[in-house]
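Below is one structure, written out as structure tokens; comments come after it.
Lettering follows sequence order; numbering is per chain, from 1. In what follows, every heavy atom counts, from backbone to side chain, and hydrogens, waters and symmetry copies are set aside.
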Number of protein chains: 2
Amino acid sequence: MLIRTPADLGAVIRDRRRQLKLDQAAFAKRIGVSRQWVIEFERGHPRAELGLVLRALGALNIRVDVGVDVELTTRRRAHGAVDINAIVDKAKRLGHDQ
Amino acid sequence: MLIRTPADLGAVIRDRRRQLKLDQAAFAKRIGVSRQWVIEFERGHPRAELGLVLRALGALNIRVDVGVDVELTTRRRAHGAVDINAIVDKAKRLGHDQ
DNA sequence: CGGAAATGTCAGCGTTCGATTACATGATTG
DNA sequence: CAATCATGTAATCGAACGCTGACATTTCCG
């Protein structure tokens with residue numbers, strides 16, 4: 001999923017956390033933050049600390065990829081799958097904006 | 001590129017900023033932070049605010065993608081784009097597990 | 001229904017962010 | 001060399017983070 005805002009990330013994490021059947025307390029403990037933090041972050045807190053965010057993502061096995069727009073930064077996927085995503089992404093971009 | 005730590009992100013941004021021939025001051029101004037912030041962030045500051053980080057990435061036209069390992073979670077796009085990704089992802093998922 | 005579990009809210013508190021300002025070092029170039 | 005620009009360092013300071021702990025609310029089953 002394409003991330004644009006902190007709220008996007010919060011939603012992703014919440015979904016994933018539930019998918020893994022973790023409650024906020026267990027999740028918080030696992031990444032070493034308070035339950036409060038989880039609540040605020042899932043709500044899209046824009047000032048959450050980067051390090052904690054990355055820990056949270058890692059704990060849920062969520063991959064973070066960054067790459068420049070069109071050229072360069074070819075990405076490979078975790079499992080030797082098709083790179084159809086790359087193709088699709090490129091197509092979408094050309095068809096839309098930026 | 002796969003992001004694991006704040007330092008990874010700092011490096012990406014620094015590279016990209018230079019690629020675009022922006023100095024720290026101009027870059028900082030563009031995203032509405034102090035030059036100090038840029039310095040610390042490029043150095044890998046782990047407690048940088050998520051919102052500012054995303055703004056910085058956006059200002060440099062760096063995409064941020066997140067996704068679960070093999071299975072994936074998402075649907076829900078920011079702007080009405082094709083959901084081919086979802087389809088592809090689902091297909092991949094069916095082929096693998098869960 | 002009733003109670004437990006999960007989630008959300010509130011209020012204090014120490015710590016630290018990020019802005020600001022000023023100066024120091026580095027690199028480039030005339 | 002000297003001037004200029006880019007980058008790094010330092011110190012102050014208000015604002016906000018994230019933690020703790022207690023309570024409220026919602027959700028979920030027996």
At less than 4.0 Å, is any side-chain N or O atom of [X] found next to OP1 or OP2 of [N]? Yes or no.
X	N	value
A/Gln24	C/dG8	yes
A/His45	D/dG18	yes
B/Arg17	D/dA6	no
B/Arg14	D/dG8	yes

Whole Å only: how far is the [atom1] atom of [X] from the [atom2] atom of [N]?
X	N	atom1	atom2	value
A/Leu52	C/dT16	CG	C1'	13 Å
B/Glu40	D/dG8	CD	C1'	10 Å
A/Asp23	C/dA4	CG	C1'	13 Å
A/Arg18	C/dA5	CZ	P	19 Å
B/Arg35	C/dT21	CZ	P	13 Å
A/Phe27	C/dA6	CZ	P	15 Å
A/Ile39	D/dA24	CD1	P	16 Å
B/Trp37	D/dT9	CH2	C1'	19 Å

> Heavy atoms, side chains only, cut-off 4.5 Å: are B/Leu20 and B/Phe27 in contact?
Replying inline: no

> With sugar-phosphate meaning primed atoms plus P, OP1 and OP2, does A/Glu49 contact a base, only sugar-phosphate, or nothing at under 4.0 Å between heavy atoms?
Replying inline: sugar-phosphate

> Counting any heavy atom closer than 4.0 Å, what does B/Ala48 reach on the DNA or RNA strands: base, sugar-phosphate only, or nothing?
Replying inline: sugar-phosphate

>> So if I take every side-chain heavy atom of B/Ser34 and compare against C/dG18, D/dG21, C/dT21, which nucleotide ends up nearest?
In response: C/dG18

Tell me the closest heavy-atom pair linking [X] and [Y], and the distance in Å.
X	Y	value
A/Pro6	B/Leu54	N-CD1, 3.4 Å
A/Leu60	A/Leu22	CD2-CD1, 4.1 Å
B/Ile31	B/Trp37	CD1-CZ3, 3.9 Å

> Around atom CZ of A/Arg30, are there more than 12 heavy atoms of other residues, nucleotides or ligands at under 6.0 Å?
Replying inline: no

> Relative to the 5' end of DNA chain D, which residue comes earlier, B/Arg47 or B/Leu22, by the nucleotide with the nearest heavy atom?
Replying inline: B/Leu22

